[in-house]
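Quantities reported herein were computed from a predicted structural model and do not represent experimental measurements. The chains referred to below are lettered A, B, ... by the order of the sequence lines, with proteins before strands, and numbering in each begins at 1.
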Protein chains: 2
Amino acid sequence: MKPTHLHLTEDCRAVSAVLQRVGDKWTILVVQRLGGGPKRFNELRNEVGGISQKMLTTTLRSLERDGFVTRTVFPTIPPRVDYELTDLGRELQVPVNALGEWARANIGRINAAREKFDRSIAA
Amino acid sequence: MKPTHLHLTEDCRAVSAVLQRVGDKWTILVVQRLGGGPKRFNELRNEVGGISQKMLTTTLRSLERDGFVTRTVFPTIPPRVDYELTDLGRELQVPVNALGEWARANIGRINAAREKFDRSIAA
DNA sequence: CCGCATCCAACAGGATACTG
DNA sequence: CAGTATCCTGTTGGATGCGG
C-alpha cells in the first residue's frame, strides 16, 4: 500500500473528470449566480449574460443530474421554475472558490508568461 | 467598493477561464505526473496512458505558454526533452489538489445523484 | 526520440423557430 | 415563461505519415 497522501492514476481520472465537468463554458458562471439563493430561469439568463437559452437549459440539466442543483416547477400560468443549489452544490463551491481565488491572484503571472512566450515565438 | 470577499462577474470570468484551461482532457493528468519531478516526453506519454502524441505535444505547449512548465532540450542524438513544473505550476497544484480531494470524497454522491436522475427519466 | 502536418470524426455550442 | 427541436459552425482530439 502506498501512503494515502499520494493519490495516483485511479483517482486522478476522477479529478480530471470533475474538472472537465466544472470546466465547461457556463457551469461555473451559473453556479456562482446560484450562490446567492434560488433563481428563476430567465433571471439566471439575464444575470449570467451572453448565454443562449439552449446552453442554459443544458447546463442546468447537467447540474441537476449531478445533484448540484434542484429544479422546482410552480404550475402557474405563466410557468415558473426555480433553480437552487443543493448541499452538494454549495460544498462544491468551497474548492472551486479556492481555485478561483488562486486564479484571481495569479492571472497576471499567467498573462505575463503568455506574452513572453508569444514574443519569443515571433522571433 | 464592494466587500472583498464577494467576487462578482468581472472576476468570475477569469475563474471560468482558468477552469476551462485546466479542465481540458489531459492537462491535469500531465501536471499530476510532473508533480514527481522532471520527465521526458515519452516517459510522460507512457505514464499518462491513452494520450496521443499530438495531444501531449499540444498540452505541453499550452502549459509552457502559460508558464506552468519549462521545456529543456538536450541537443543529443537521439534528442532528449525534459519537462518540469515551474513555481507557478507547483502553486497551481495546491488548489487543484484541493478540488481533487473534494472530487475523490464526493464522487460517490455524484454518481448516486446521476443514477437517481437517470432512473427518474426512464420512468 | 521528439514533434510537426494532415486528414477526419465527434462534439460543443450558437441562432432561429416553434410549443404548452 | 420556460422550455424543445432543428440546423449549422467552430473546435477538440484521435490516427496516420513524414522529418530533424
(request) May I ask you to test the A:Glu84-A:Thr72 pair for a side-chain heavy-atom distance under 4.5 Å? (result) no

(request) Kindly say if A:Tyr83 contacts the phosphate of D:dC1, meaning a side-chain N or O under 4.0 Å from OP1 or OP2. (result) no

(message) Side chains of B:Leu44 and B:Leu60, heavy atoms from C-beta outward: is any pair under 4.5 Å?
(response) yes

(message) Quick check: closest heavy atoms across A:Leu88 and B:Ile110, and the distance to 0.1 Å?
(response) CD2-CG1, 4.1 Å

(request) Report the distance from atom OH of B:Tyr83 to atom OG1 of B:Thr59, rounding to the nearest 0.5 Å. (result) 10.5 Å

(message) Measuring from atom CZ of A:Arg33 to atom CH2 of A:Trp26, what distance do you get when rounded to the nearest 0.5 angstrom?
(response) 13.0 Å

(message) List the residues meeting side chain to side chain contact (heavy atoms under 4.5 Å, CB included) with A:Arg40, not counting sequence neighbours, and say none if there are none.
(response) A:Glu43, A:Arg80, A:Asp82

(request) Map A:Pro78 and B:Asn42 onto DNA chain C by nearest heavy atom, then report which one ends up closer to the 5' terminus. (result) B:Asn42

(request) Rounded off to whole Å, could you give me the NZ-to-C1' distance for the A:Lys39 and D:dC1 pair? (result) 17 Å

(request) Could you check how far CD1 of A:Ile77 sits from P of C:dT19, rounded to whole Å? (result) 18 Å

(message) Strictly below 4.0 Å: does B:Arg40 bring a side-chain N or O up to OP1 or OP2 of C:dC1?
(response) no

(message) On a heavy-atom basis, which atom in A:Gln53 and which in A:Arg45 lie closest, and how many Å separate them?
(response) N-NH1, 3.5 Å

(request) Take the protein atom CG of A:Asp82 and the nucleotide atom P of D:dA2, then report the distance between them rounded to whole Å. (result) 8 Å

(message) Can you confirm whether A:Leu92 sits close enough to A:Val22 that some side-chain heavy atom of one is under 4.5 Å from a side-chain heavy atom of the other?
(response) yes

Are any protein N/O atoms closer than 3.5 Å to N/O atoms in nucleotides 10-14 of chain D? If there are, list each pair with its distance.
from	atom 1	to	atom 2	distance (Å)
D:dG13	OP1	B:Lys25	N	3.4
D:dG13	N7	B:Lys54	NZ	3.4
D:dG14	OP1	B:Lys25	NZ	2.7
D:dG14	OP2	B:Trp26	NE1	3.4
D:dG14	O6	B:Lys54	NZ	2.1

(request) Take atom CZ of A:Arg80 and atom C1' of C:dG20, then tell me their distance rounded to the nearest Å. (result) 19 Å

(request) Using only side-chain N and O atoms of A:Arg61, determine if any of them is under 4.0 Å from OP1 or OP2 of D:dG3. (result) yes

(request) Would you tell me if any nitrogen or oxygen in the side chain of A:Arg71 comes within less than 4.0 Å of OP1 or OP2 on D:dG3? (result) yes

(request) Before accepting this row, confirm whether a basic side-chain N of the pair A:Arg109/B:Glu91 lies closer than 4.0 Å to the acidic partner's carboxylate O. (result) yes

(message) Between P on C:dG3 and CG on B:Leu56, what's the gap in Å once rounded to a whole number?
(response) 8 Å

Could you list all N or O pairs between the protein and nucleotides 17-20 of chain D that sit under 3.5 Å apart?
none

